[in-house]
**Q** 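Okay, handing you the structure first.
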2 protein chains.
Amino acid sequence: MRELDETDLQILELLTEDARRPFSDIAEQVDLSPPAVSDRVDKLRESGVIRRFTLDLDRSQLRAGVPVLVRLDLPSTEVAAVTDNLRESEGVEHVFVTVEGDVVFSARFRSDAVREGIDEVVDLKRVTDYDVTIVSEMEWVPSVGGTEFALTCAECGNTVTSEGESDRIGGNQYHFCCPSCAARFREQYERFSADAE
Amino acid sequence: MRELDETDLQILELLTEDARRPFSDIAEQVDLSPPAVSDRVDKLRESGVIRRFTLDLDRSQLRAGVPVLVRLDLPSTEVAAVTDNLRESEGVEHVFVTVEGDVVFSARFRSDAVREGIDEVVDLKRVTDYDVTIVSEMEWVPSVGGTEFALTCAECGNTVTSEGESDRIGGNQYHFCCPSCAARFREQYERFSADAE
DNA sequence: AGTGAAAATCTCTCAGT
DNA sequence: ACTGAGAGATTTTCACT
């Protein structure tokens, strides 16, 4: 993975605040030329750190229906099929997969047809059990990481330098300042996952 | 509230896909001039439908720590204070308030300091009980509403015309095609909320 | 990787409908 | 509310470091 420096994080911060901010504006704040900012943004997109430029919408003004939080209890063999389907479904906003293998998602459904709505987005034959909670407020907090800019070691919290390493564990990318932190993290992660059942 | 028409929803859809898409590009697709698109976007921002132009980031590549889902059990008098604090905290990504008055949030914390991390973002003195689930995948699904464009009545699903009405119930804006649907929705909402305890 | 300058593109303003 | 045209701003390209 390409090394993210502090300038990249500043750029991300500024674009998270306002994704249409001119590059010339950003350039001034991070002390680069506009083309240099443009280059870095291109690379951040290519590397997948920036998934897309998008809108933060007040969906309560937009989409009819009650917002709900649904927890699905299901065999681990079905997780992939179910989450794939959720991602493509109407009204689904967030999808979480827990290490126990549960799936939690948020969505909006018509108030008189919550069960039917769920039935449309998840194949209930694949699911052992589920429960639904109505939500009265749903909010996404778009921020890069506030004041803490540098990449920190997931194990010890130290700043990760170019000596550090990165690894993908349980579907997520983690950064470590040294190999021993990486090893210890993996142990702890496995122990935590086992505890959770 | 100003009426959202199909063109507005198309514009939102296009900007959700790529918030830096030129207005001239959008103009062509919705059959308007670029200044007209710009005007509509301004109004969508003013009315609060567009909260901001932002980035969808792959936070797993960015922020150290384990992603977790936390459920807080707390007195209803404390909900506002706790959620306000969460919104301003480092590492918190989503905040949900259920109609039962529970708070659910997602965040990332250092693997060796999950409890401490939670302690930093919520004042545990205000909380009756809480539980933590480690998450292995966390995904936001940014889409406006896919193929279903028109505003639909939260009660009966019919298209809401200018005869319809809108109301804010439990912190969310709902749209109705007629007053009787609005009344029936309120009843059902209250019954559902009562059931949920 | 970055710069500066020119070319191309996009956004905004404004008078008019 | 929208359009079209022009002014002004922004982004991209490219030769060079």
Side-chain angles (χ1 to χ4, degrees), chain A residues 1-57 61-62 144 149-151 159-164 166 175, chain B residues 1-57 61-62 149-151 159-164 166:
Chain A
M1 196 194 82
R2 197 177 70 88
E3 192 75 20
L4 288 188
D5 64 14
E6 190 167 329
T7 305
D8 289 320
L9 289 158
Q10 263 180 282
I11 292 171
L12 291 175
E13 181 83 2
L14 291 164
L15 286 173
T16 297
E17 264 172 31
D18 177 5
R20 282 188 85 97
R21 195 191 294 270
F23 291 166
S24 48
D25 195 292
I26 298 168
E28 210 172 300
Q29 298 201 48
V30 303
D31 221 39
L32 282 176
S33 64
V37 172
S38 172
D39 278 0
R40 277 169 179 262
V41 171
D42 284 350
K43 273 171 201 141
L44 288 164
R45 295 187 89 151
E46 277 160 29
S47 72
V49 173
I50 297 178
R51 291 214 194 94
R52 72 214 288 187
F53 288 74
T54 191
L55 300 179
D56 177 17
L57 294 172
Q61 289 193 47
L62 205 65
V144 173
F149 267 150
L151 273 186
T159 303
V160 176
T161 65
S162 43
E163 263 87 294
S166 293
H175 307 280
Chain B
M1 197 193 83
R2 199 178 70 88
E3 192 77 16
L4 288 189
D5 64 14
E6 190 168 329
T7 305
D8 288 320
L9 289 159
Q10 263 181 284
I11 292 172
L12 292 175
E13 181 83 2
L14 291 164
L15 285 173
T16 297
E17 262 172 33
D18 177 4
R20 280 189 87 96
R21 195 191 295 268
F23 291 165
S24 48
D25 195 290
I26 297 168
E28 209 173 301
Q29 298 202 49
V30 303
D31 221 37
L32 281 176
S33 64
V37 172
S38 172
D39 279 1
R40 278 168 179 264
V41 171
D42 284 349
K43 273 170 200 139
L44 289 165
R45 294 186 90 150
E46 277 159 28
S47 73
V49 173
I50 297 178
R51 291 214 193 94
R52 74 213 286 185
F53 287 75
T54 190
L55 300 179
D56 177 17
L57 294 172
Q61 288 193 47
L62 205 65
F149 268 150
L151 274 184
T159 303
V160 176
T161 66
S162 43
E163 262 86 293
S166 293

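As the structure is a prediction and not an experimental result, all values here were calculated from the model. A note on names: the letters A, B, ... follow the listed sequences, proteins ahead of strands, and every chain is numbered from 1.
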**Q** Check the distance between C:dG2's C1' and A:Asp42's CG and give it to me in whole angstrom.
**A**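 Result: 14 Å.
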**Q** Determine the minimum heavy-atom distance between A:Arg20 and B:Arg21, stating which atoms define it.
**A**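 Minimum heavy-atom contact is NH1-O, 3.3 Å.
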**Q** Could you state the atom-to-atom distance from NZ of A:Lys43 to P of D:dT12 in whole Å?
**A**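 These atoms are roughly 14 Å apart.
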**Q** Figure out the CZ/P separation between B:Arg21 and D:dT11, and round it to whole Å.
**A**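 About 17 Å, once rounded to whole Å.
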**Q** Should B:Ser38 be listed as having a side-chain N or O under 4.0 Å from OP1 or OP2 of C:dC12?
**A**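 The answer is yes; a side-chain N or O of B:Ser38 sits under 4.0 Å from OP1 or OP2.
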**Q** Please report, rounded to the nearest Å, how far the P atom of C:dC10 is from the CZ atom of A:Phe23.
**A**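 The distance from CZ of A:Phe23 to P of C:dC10 comes to 13 Å, rounded to the nearest Å.
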**Q** Rounded to whole angstrom units, what separation is found between the CG atom of A:Asp25 and the C1' atom of D:dA9?
**A**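 In whole Å, D:dA9 C1' and A:Asp25 CG are 12 Å from each other.
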**Q** Do any N or O atoms from the side chain of B:Ser47 and from the backbone of B:Lys43 form a donor-acceptor pair under 3.5 angstrom?
**A**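 A pair under 3.5 Å: yes.
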**Q** Respond yes when some side-chain nitrogen or oxygen of A:Arg20 is under 4.0 Å from OP1 or OP2 of C:dT11, and no when none is.
**A**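 Answer yes for this pair, as a side-chain N or O of A:Arg20 is under 4.0 Å from OP1 or OP2.
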**Q** Among A:Asp8, A:Thr7, A:Leu9, which one satisfies side chain to side chain contact (heavy atoms under 4.5 Å, CB included) with A:Val30?
**A**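 Looking at A:Asp8, A:Thr7, A:Leu9, the match for A:Val30 under the side chain to side chain contact (heavy atoms under 4.5 Å, CB included) is A:Thr7.
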**Q** Please check: side-chain N/O of B:Gln29 versus main-chain N/O of B:Leu14, any donor-acceptor pairing under 3.5 Å?
**A**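 Pair absent, no side-chain N/O of B:Gln29 close to backbone of B:Leu14.
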**Q** Identify which nucleotide among D:dC2, C:dG2, C:dC12 has an atom closest to any side-chain atom of B:Pro35, counting heavy atoms from C-beta outward.
**A**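 From the listed options, C:dC12 comes nearest.
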**Q** For A:Glu46 and C:dA1, give me the distance from atom CD to atom C1', rounded to whole Å.
**A**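 Atom-to-atom, A:Glu46 to C:dA1, this comes out as 14 Å.
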**Q** Starting at the 5' end of DNA chain C, which residue's closest nucleotide do you reach first, B:Pro22 or A:Thr7?
**A**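 On the 5' side of the pair lies A:Thr7.
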**Q** Write down the distance between CD (A:Glu6) and P (C:dA1), rounded to a whole number of angstrom.
**A**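 Those two atoms, CD and P, are 18 Å apart.
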**Q** Tell me: CG of A:Asp39 to P of C:dA1, nearest whole Å?
**A**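 It is 9 Å, rounded to the nearest whole Å.
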